[in-house]
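Written out below as structure tokens is the structure these notes cover.
Here is how names work: the chains are called A, B, and so on, in the same order as the sequence lines, proteins then strands, and each is numbered from 1.
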Protein chains: 2
Amino acid sequence: MPRYKWDKTPENRAERKKRILDSILQEAARAFNARGYHKTSLDDIAKAQNVTKPTLYYYIRNKEDILVKCEDKASELINGLLDEVVKPEKTGLEILKEFIRGYIPLVTDDVIRCHIRFRGRMDSPELRKRSNNMHRAIELRVREVVARGVADGSLSTCTPTVVTLLLFGTLNGISYWYRDEGALSHDDIYQEALKMFMAGLAQS
Amino acid sequence: MPRYKWDKTPENRAERKKRILDSILQEAARAFNARGYHKTSLDDIAKAQNVTKPTLYYYIRNKEDILVKCEDKASELINGLLDEVVKPEKTGLEILKEFIRGYIPLVTDDVIRCHIRFRGRMDSPELRKRSNNMHRAIELRVREVVARGVADGSLSTCTPTVVTLLLFGTLNGISYWYRDEGALSHDDIYQEALKMFMAGLAQS
DNA sequence: GCCACATGTTACTCATGGGTATACAAAATA
DNA sequence: TATTTTGTATACCCATGAGTAACATGTGGC
């Protein structure tokens with residue numbers, strides 16, 4: 001993997017820059033998740049890319065900007081999933097099930113883990129607000145799905161606001177204990193979560 | 001509220017020291033939750049107590065020690081709840097319901113919030129391990145409750161390990177969005193969570 | 001081959017904040 | 001009232017790490 005010698009690959013400079021930025025985000029997110037934001041220095045991040053700290057500033061504005069860029073990517077992915085699963089012809093229940101299935105692989109991705117753990121934690125008040133708004137927008141879309149399910153009768157009566165908050169708690173919580181090397185597959189977790197959410201734990 | 005003039009109150013020195021330590025933990029936990037551990041300086045914490053930084057070192061070993069002491073208190077409270085609700089004559093379902101009802105008020109307490117958010121995040125590897133062990137012990141006790149419920153037929157068949165992890169995700173998640181000034185009472189949340197967990201969302 | 005620009009590096013600055021040495025005041029004790 | 005113990009403050013040290021200035025070199029176009 002040659003750094004800086006991009007030879008005759010058909011990749012142009014913009015693409016190369018984007019690829020390196022992406023690599024920085026990925027590695028930085030992994031480090032933030034493992035050691036924490038403040039305990040990860042820019043020197044650490046630079047070292048992981050085999051460059052020096054000032055070079056990072058060619059790709060990012062500052063340390064906080066890494067968080068922001070991760071956030072953007074996370075928002076894009078989650079909203080993309082919602083775009084995929086929300087269809088007019090489907091019931092709320094159907095949509096919710098598909099959302100959950102799609103969301104579980106997402107929460108085990110480093111960049112999204114980073115979003116889950118550090119959203120709304122930026123220093124700058126504007127960025128904090130931006131981050132919170134982004135998340136609120138996502139939450140609102142899911143809340144609408146739940147509300148639709150209640151309206152169309154596929155879900156039992158409940159308070160969509162609270163249910164959505166609880167649901168995100170459960171799903172985002174997965175990101176804290178899931179391990180790639182672990183015995184549980186995404187589908188194992190999906191099955192168990194689905195049974196719990198949809199059928200309930202109590203023996204009827 | 002005289003500091004250092006403890007007058008003729010019947011409180012002895014040890015009690016006073018404990019009371020001040022408690023106040024430090026409470027305020028520090030609140031600050032950590034609001035602004036983050038690293039963005040809260042010892043000067044901030046000292047100021048909240050109307051003392052100067054060195055004075056803190058009379059009550060704590062160092063900054064990390066605050067986290068450790070919060071952890072201890074959290075562990076004590078949660079294990080205390082478990083001691084209360086786990087009784088040989090009750091079914092797994094009954095115990096689980098009572099645990100959930102008792103746990104919700106706990107997760108909205110600053111010290112426990114602090115435990116939820118910062119457990120396993122200490123710098124020192126020994127303290128990190130200690131923290132993780134404490135949490136694992138709690139999780140294990142709840143897992144046993146779930147397993148008992150499955151065994152006694154009060155809960156439907158499931159994987160207790162996964163269900164317990166998901167359950168803690170949901171309940172701990174509450175600590176991130178619950179607001180004292182909000183419209184939702186602990187009981188509102190409990191009712192909604194219980195319906196979701198026990199009966200499921202899907203209309204049957 | 002030379003120029004313009006894209007990437008990188010070395011060598012700094014500088015604020016922040018955890019932690020300490022030391023002196024000092026208030027309370028308990030004798 | 002003298003002395004010891006408990007509790008608090010002043011004034012410092014110093015490591016860390018974000019961010020910058022200035023300089024160096026590779027790359028593609030002319």
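- Rounded to an integer number of Å, the gap from CD1 of B/Ile60 to P of C/dG19 is 8 Å.
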Verdict with supporting geometry, B/Ser175 and B/Asn172, side chain to side chain donor-acceptor pair (under 3.5 Å): CA-CA 6 Å; B/Ser175 74; B/Asn172 290 340; over 6 Å; no
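- Rounded to an integer number of Å, the gap from B/Arg35 CZ to C/dG17 P is 10 Å.
- Taking atom NZ of B/Lys47 as the reference point, atom C1' of D/dT8 lies 17 Å away to the nearest angstrom.
- Residue A/Lys17 contributes atom NZ, which lies 8 Å from atom P of C/dA6 at whole-angstrom precision.
- One interatomic measurement links the two molecules: CD of B/Glu15 to C1' of D/dT6, which rounds to 16 Å at whole-angstrom precision.
- Remark: of the listed residues A/Arg136, A/Arg141, A/Arg143, A/Arg143 is the sole one forming a salt bridge (Lys or Arg N to Asp or Glu O under 4.0 Å) with A/Glu139.
- If you take CG of B/Asp123 and C1' of D/dT16, they are 12 Å apart, rounded to a whole angstrom.
- Put simply, NZ on A/Lys97 and CZ on A/Phe197 are 13.5 Å apart, with the number rounded to the nearest 0.5 Å.
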Nucleic acid footprint by protein, nucleotides 17-22 of chain D - heavy-atom cut-off 4.0 Å, B for base, S for sugar-phosphate alone: SBBB--
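- Note: B/Asn62 CG to B/Asp123 CG = 9.5 Å, rounded to the nearest 0.5 Å.
- Between B/His115 and B/His135, the ring planes lie tilted relative to each other; the angle falls in the 30° to 60° range.
- Put simply, B/Thr52 has a side-chain N or O that comes within less than 4.0 Å of OP1 or OP2 on D/dA9.
- For A/Lys39, the NZ atom sits in a packed shell: over 12 heavy atoms of surrounding residues, nucleotides or ligands are nearer than 6.0 Å.
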